[in-house]
Amino acid sequence: SLSSCSPKVCIVGSGPAGFYTAQHLIKARQDVEVDIYERLPVPFGLVRFGVAPDHPEVKNVINTFTQTAKHSRCSFYGNVNVGKNVSITELQQAYHAVVLSYGAEGNRSMGVPGEDLAGVYSAKDFVGWYNGLPSCRELSPDLSCETAVILGQGNVALDVARILLSPIDILKKTDITQPALEALAESQVRRVLIVGRRGPIQIACTIKELREMVNLPDTRPDMVAADFDAVKEALKDLPRPRKRLTELMLKTALEVPGEKEQERRSKASRTWGFRFFRSPVEVLAEPSHSRIAGIRLAINKLEGSGEGAHAVLTGEVEDVSCGLVVSSIGYKSLPIDPSVPFDSRKAIVPNTMGRVKQAAGLYCSGWLKTGPTGVIATTMNNSFDTARSLVEDMDSGTLDVSAAKPGSQSISALLEKRGVKPVTFSDWEKIDNVEMKKGESSGKPREKLLTVEEMLHVAWT
Ligand code: FAD
């Protein structure tokens with residue numbers, strides 16, 4: 001370390017929130033030292049394990065994160081499960097401040113009967129599977145059915161729909177895992193329905209993701225024209241981004257396409273479409289009860305208007321047969337240490353401007369701070385805000401940094417005693433190199449290592 005009396009901050013989690021918080025701290029104060037602890041042997045959180053493989057440009061933030069990790073006042077300790085290998089209290093003893101940015105690794109469940117049947121997956125697991133998250137390696141989703149239903153209409157839902165329907169030649173050139181590529185090559189899924197509680201005007205995706213669906217080769221849209229009845233009149237009152245999104249939906253659903261597009265659509269072998277005003281009631285089982293046969297949806301109507309309208313039940317239901325259900329109704333943060341305040345209703349760490357309530361020296365950023373919404377840029381801004389709060393507290397003396405703290409020295413000793421060996425950033429760079437080399441031979445940007453064992457093996461030999 002630079003000096004025994006420099007302020008020492010530790011960050012829990014190496015996703016965008018962790019790295020952006022570290023970046024701002026290092027920039028704002030020339031004396032602060034930052035250590036990042038990460039549960040997995042590999043950094044970058046959802047940039048590696050969430051962002052779709054066919055969105056490589058989104059992953060460019062990794063370059064900035066790498067610069068931060070290589071800064072002389074920043075260190076990375078992977079393979080350290082905070083809450084298990086080391087407690088938050090122990091981190092607080094070793095550091096002047098602790099920033100929690102461990103994301104949202106839980107799942108919101110649908111809370112309907114049948115959701116545990118074979119053939120029902122959370123988007124979190126499904127995405128984790130095609131992106132090589134070690135804990136989802138054995139998911140092997142059954143893709144032998146013709147119709148898949150995705151519950152939820154946000155960008156994650158559209159990612160899943162796109163991956164299910166993309167021509168294999170496109171996916172082949174991405175860093176999607178080999179097992180996922182093989183399973184998708186054999187997939188029988190020809191029809192994907194993307195189901196939402198409310199209507200077109202309330203849809204949660206953004207225009208880029210919708211446009212990708214509209215332009216996806218070998219697919220055609222299949223919408224219900226009546227769903228758009230009230231949408232045309234409402235259009236003029238919508239705020240700008242929402243208006244453009246709605247216009248694209250209207251065009252896709254209702255307009256007679258030009259000759260070229262008509263030909264493209266008639267040749268398409270796969271279809272996708274939104275199903276609006278529907279909520280899941282029950283996942284229906286096959287007579288054998290072993291796997292799913294379909295899903296029962298409640299038919300809703302809207303109360304109120306505009307983006308804030310809410311769905312109310314009509315009492316009617318509709319059954320849709322399908323062999324695959326992916327529920328994409330949101331991620332959820334989980335508590336990792338009983339000593340840390342946690343709001344289980346909102347599933348966040350309660351905070352004001354990133355300062356954890358009633359816990360001096362404790363801060364939070366990213367999805368753990370705000371709840372699991374927003375793109376990387378949103379996460380960046382709220383992480384900078386948290387770093388600003390922390391620096392303010394140091395500058396004002398609210399956070400006492402005058403007494404020397406041991407930082408990583410004492411934590412490393414603790415971890416060694418517990419048989420936990422951290423992965424350094426240069427260890428990760430070995431993994432990174434091996435993955436890129438493996439990818440090269442098959443024309444992919446990267447072939448991810450799929451187990452923690454393999455990652456550790458490469459890191460340490
Ligand atoms: P995360 O990225 O989840 O990082 C949390 C980190 O903490 C992880 O590395 C995790 O392993 C680690 N951790 C967890 N528990 C512990 C523990 N106990 N001890 C130590 N470490 C721990 N945004 C875009 O801008 N463009 C996109 O295309 C896009 N696609 C997305 C696709 C999906 C499927 C999802 C879910 C999100 C997507 N996002 C996208 C949003 C973006 O990923 C988030 O805004 C961002 O990752 C949130 O950052 P975070 O650091 O809070 O959480």
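Read the numbers this way: they start at 1 and go in the same order the structure lists the ligands and their atoms. Below, all heavy atoms of this structure are taken into account, side chains as well, without hydrogens, waters or symmetry copies. By convention here, the first residue in the shown sequence is residue 1.
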For ligand 1, find out whether one of its N or O atoms is nearer than 3.5 Å to an N or O atom of Leu40.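 No, Leu40 has no N/O under 3.5 Å of an N/O on ligand 1.
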
If we only count N/O pairs under 3.5 Å, is Gly374 in contact with ligand 1?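 Yes; the residue has a nitrogen or oxygen that sits under 3.5 Å from a nitrogen or oxygen of the ligand.
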
Report the nearest protein non-hydrogen atom to [atom]: residue, atom name, distance rounded to 0.1 Å.
| atom | answer |
| --- | --- |
| atom 53 (O) of ligand 1 | Gly103 CA, 3.6 Å |
| atom 35 (C) of ligand 1 | Val156 CG2, 3.9 Å |
| atom 43 (O) of ligand 1 | Leu46 CB, 3.3 Å |
| atom 9 (O) of ligand 1 | Glu38 OE1, 2.6 Å |
| atom 27 (C) of ligand 1 | Val58 CG1, 3.8 Å |
| atom 20 (C) of ligand 1 | Arg39 N, 3.2 Å |
| atom 42 (C) of ligand 1 | Ile376 CG1, 3.8 Å |
| atom 45 (O) of ligand 1 | Thr379 OG1, 2.9 Å |

Between the side chains of [Y] and [X], is the shortest nitrogen-to-carboxylate-oxygen separation below 4.0 Å, so that they form an ion pair?
| X | Y | value |
| --- | --- | --- |
| Arg275 | Asp227 | no |
| Glu90 | Lys84 | no |
| Arg190 | Glu146 | no |
| Glu307 | Arg198 | no |
| Asp395 | Arg29 | yes |
| Glu57 | Lys208 | yes |
| Arg355 | Glu392 | yes |
| Asp35 | Lys8 | no |
| Glu435 | Arg446 | yes |

Could you tell me the separation between the [atom1] atom of [X] and the [atom2] atom of [Y], rounded to the nearest 0.5 Å?
| X | Y | atom1 | atom2 | answer |
| --- | --- | --- | --- | --- |
| Leu324 | Ser144 | CG | OG | 9.0 Å |
| Lys448 | Asp432 | NZ | CG | 11.5 Å |
| Ile163 | Ser187 | CD1 | OG | 12.0 Å |

Heavy atom to atom 29 (C) of ligand 1, shortest distance: which of Asp159, Val51, Val80 holds it?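 It is Val51 that holds the nearest heavy atom.
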
Determine, considering heavy atoms only, which of Tyr130, Phe49, Tyr102, Trp367 sits nearest to atom 16 (C) of ligand 1.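 Comparing heavy atoms across Tyr130, Phe49, Tyr102, Trp367, the nearest one to atom 16 (C) of ligand 1 lies in Tyr102.
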
Go through ligand 1 atom by atom and flag the ones less than 4.0 Å from a non-hydrogen atom of [X].
| X | result |
| --- | --- |
| Val82 | 17 (C), 18 (N), 19 (N), 20 (C) |
| His55 | 28 (O) |
| Ser101 | 5 (C), 7 (O) |
| Val127 | 34 (C) |
| Gly45 | 2 (O), 4 (O), 8 (C), 9 (O) |
| Gly366 | 52 (O) |
| Tyr331 | 34 (C), 36 (C) |

Would Phe44 and Trp428 count as a close aromatic pair, with their ring centres under 6.0 Å?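 When the ring centroids of Phe44 and Trp428 are compared, they turn out to be within the sub-6.0 Å range.
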
Measure from the ring center of Phe65 to the ring center of Tyr20 and say whether it is less than 6.0 Å.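 Centroid distance Phe65-Tyr20: below 6.0 Å, so yes.
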
At under 4.0 Å between heavy atoms, is it the side chain or the backbone of Pro43 that contacts ligand 1, or both, or neither?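 Answer for Pro43: neither.
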
Glu105, portion touching ligand 1 at heavy-atom distance under 4.0 Å: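 The part of Glu105 near ligand 1 is the side chain, not the backbone.
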
Strictly less than 4.0 Å: does any protein heavy-atom distance to atom 38 (C) of ligand 1 fall in that range?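 Flag for atom 38 (C) of ligand 1 set to false, no protein heavy atom closer than 4.0 Å.
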
Return yes when Gly83 approaches ligand 1 closer than 4.0 angstrom through a heavy atom, no otherwise.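 No, Gly83 has no heavy atoms under 4.0 Å from ligand 1.
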
